[in-house]
Number of protein chains: 2
Amino acid sequence: MLSKKTKYGIKALTYLARRENNEPVQIAEIAKSEHISIKFLESILLLLRNSGFLGAKKGKGGGYYLIKDPKDISMAKVYRILEGPIALLPCASHNFYEKCDDCDDESTCAARRLMTEVRDNTLKILESNSLADIAF
Amino acid sequence: MLSKKTKYGIKALTYLARRENNEPVQIAEIAKSEHISIKFLESILLLLRNSGFLGAKKGKGGGYYLIKDPKDISMAKVYRILEGPIALLPCASHNFYEKCDDCDDESTCAARRLMTEVRDNTLKILESNSLADIAF
DNA sequence: TTAAACTATACTAATTTAGTAGAATATAGT
DNA sequence: ACTATATTCTACTAAATTAGTATAGTTTAA
């Protein structure tokens with residue numbers, strides 16, 4: 001299951017993508033519209049900003065805005081920033097690979113075999129969907 | 001990410017499926033071979049027994065054994081018992097559906113749209129793999 | 001009858017999740 | 001320059017989940 005952080009992050013990005021213009025939107029507006037706690041959303045938007053998805057403008061009339069065209073924002077990248085590894089097991093992950101302590105032989109591990117197949121497919125879907133694809 | 005419970009559960013089922021005969025295997029033997037804490041594995045095997053995947057024989061020479069042919073054990077069912085919903089969002093689940101509190105309109109929710117696509121694909125993979133498929 | 005093996009209940013430490021609280025900093029407009 | 005508005009940053013916390021431990025009891029084959 002996705003954490004709420006990820007769900008809220010995707011919703012916030014969608015909200016920004018759906019705006020006609022790309023002027024800064026205040027946290028409070030997004031929070032109210034999507035029914036998210038302001039403070040929690042704050043930390044999520046900050047993460048997205050530090051990860052290069054959003055820009056922020058301080059002061060009056062400030063807020064957050066998309067830095068890139070929604071068509072160029074890969075949901076796989078969004079997922080990795082918000083949720084972490086796409087794979088269901090560390091030993092089936094490309095970007096966050098880790099060997100299992102308990103596993104003697106990775107090549108015969110049935111769990112790894114199955115989860116690698118799931119991972120490959122999930123990755124394909126997340127990579128082929130841009131923010132624009134899911135927002136409109 | 002999968003919980004260790006799920007990973008260990010799949011490994012234990014695989015271990016049993018790979019045995020030549022289907023005679024009871026003691027918890028300790030599986031635990032030692034797969035490097036799992038005996039007590040933790042105990043609770044996992046008990047769950048699999050109560051869910052109809054395993055049989056247990058008490059007393060000397062007892063242990064756990066597969067009730068069905070590995071070919072007839074769907075990994076989707078195993079996954080649901082051990083890990084829970086296959087969907088990444090409750091609102092994208094068939095078997096564990098729940099409406100999101102924060103969502104005004106499910107039909108325009110981008111997160112739901114994307115996660116439904118992921119779910120459909122993951123389910124297809126898990127359903128098309130039996131225990132026999134991944135064990136051998 | 002006894003030892004091996006499963007069953008069941010209760011407890012716990014560590015981690016993660018989903019926030020809260022409060023102060024600091026930056027900026028647009030007057 | 002001042003002030004209201006808005007982001008930024010740090011620190012804290014309650015609740016839930018995970019991954020076990022511990023202990024006691026029950027069943028049954030030999």
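- Side-chain contact between L82(A) and L47(A): present, with at least one pair of heavy atoms (C-beta onward) separated by less than 4.5 Å.
- Following rounding to the nearest Å, L54(B) (CG) and dC6(C) (P) show an atom-to-atom distance of 11 Å.
- For K5(A) against dG19(C), a side-chain-to-base donor-acceptor contact under 3.5 Å is absent.
- Comparing G59(A) and I38(A) by the nucleotide of DNA chain C whose heavy atom lies nearest to each, the residue mapping closer to the 5' end is I38(A).
- Rounded to whole Å, atom P of dT7(D) lies 10 Å from atom CD of E29(A).
- A donor and an acceptor atom, one from each side chain of S93(A) and E98(A), are nowhere located under 3.5 Å apart.
- Taking only side-chain atoms of K4(B), from C-beta outward, the nucleotide of dA8(C), dT7(D), dG20(D) with the closest atom is dG20(D).
- The CD1 atom of I44(B) sits 16 Å away from the C1' atom of dT7(C) (whole-angstrom rounding).
- Of the inter-residue distances, the one linking L13(A) atom CG with L131(A) atom CG reads 5.5 Å to the nearest 0.5 angstrom.
- Nearest to the side chain of Y64(B), among dC6(C), dG19(C), dC9(D), sits dC6(C).
- We find that CD1 of I27(A) is positioned 15 Å from P of dG19(C), with the value rounded to whole Å.
- Of the two residues contacting DNA chain C, namely A56(B) and S43(A), the nearest-nucleotide position lying further toward the 5' end is that of A56(B).
- Look at S37(A) and you won't find any side-chain N or O under 4.0 angstrom from OP1 or OP2 of dA18(C).
- Nearest to the side chain of K39(A), among dA5(C), dT20(C), dG20(D), sits dT20(C).
- The CD1 atom of I36(A) sits 17 Å away from the C1' atom of dT20(C) (whole-angstrom rounding).
- Residue K58(B) has its side chain nearest to dT27(D) when only dT27(D), dT7(D), dA19(D) are considered.
- Taking the nucleotide of DNA chain D with the nearest heavy atom to each of G61(B) and E83(B), the more 5' of the two is matched to E83(B).
- One interatomic measurement links the two molecules: CE of M1(B) to P of dA19(D), which rounds to 12 Å at whole-angstrom precision.
- For the pair L41(A) CG and dT20(C) P, the interatomic distance rounds to 12 Å; values are reported in whole Å.
- Separating the CG atom of L47(A) from the P atom of dG19(C) is a distance of 16 Å, rounded to the nearest angstrom.
- Using a 4.0 Å heavy-atom distance criterion, L45(B) is classed as making no nucleic acid contact.
- A heavy-atom distance below 4.5 Å is found between the side chains of I134(A) and I10(A).
- Remark: Y8(B) is not in phosphate contact with dA19(D), judged by side-chain N or O atoms under 4.0 Å from OP1 or OP2.
- Scanning atom types as modelled, no donor and acceptor separated by under 3.5 angstrom connect the side chain of K57(B) and the base of dT27(D).
- Electrostatic pairing of D102(B) and K7(A) counts as a salt bridge here, judged by a charged N lying under 4.0 Å from a carboxylate O.
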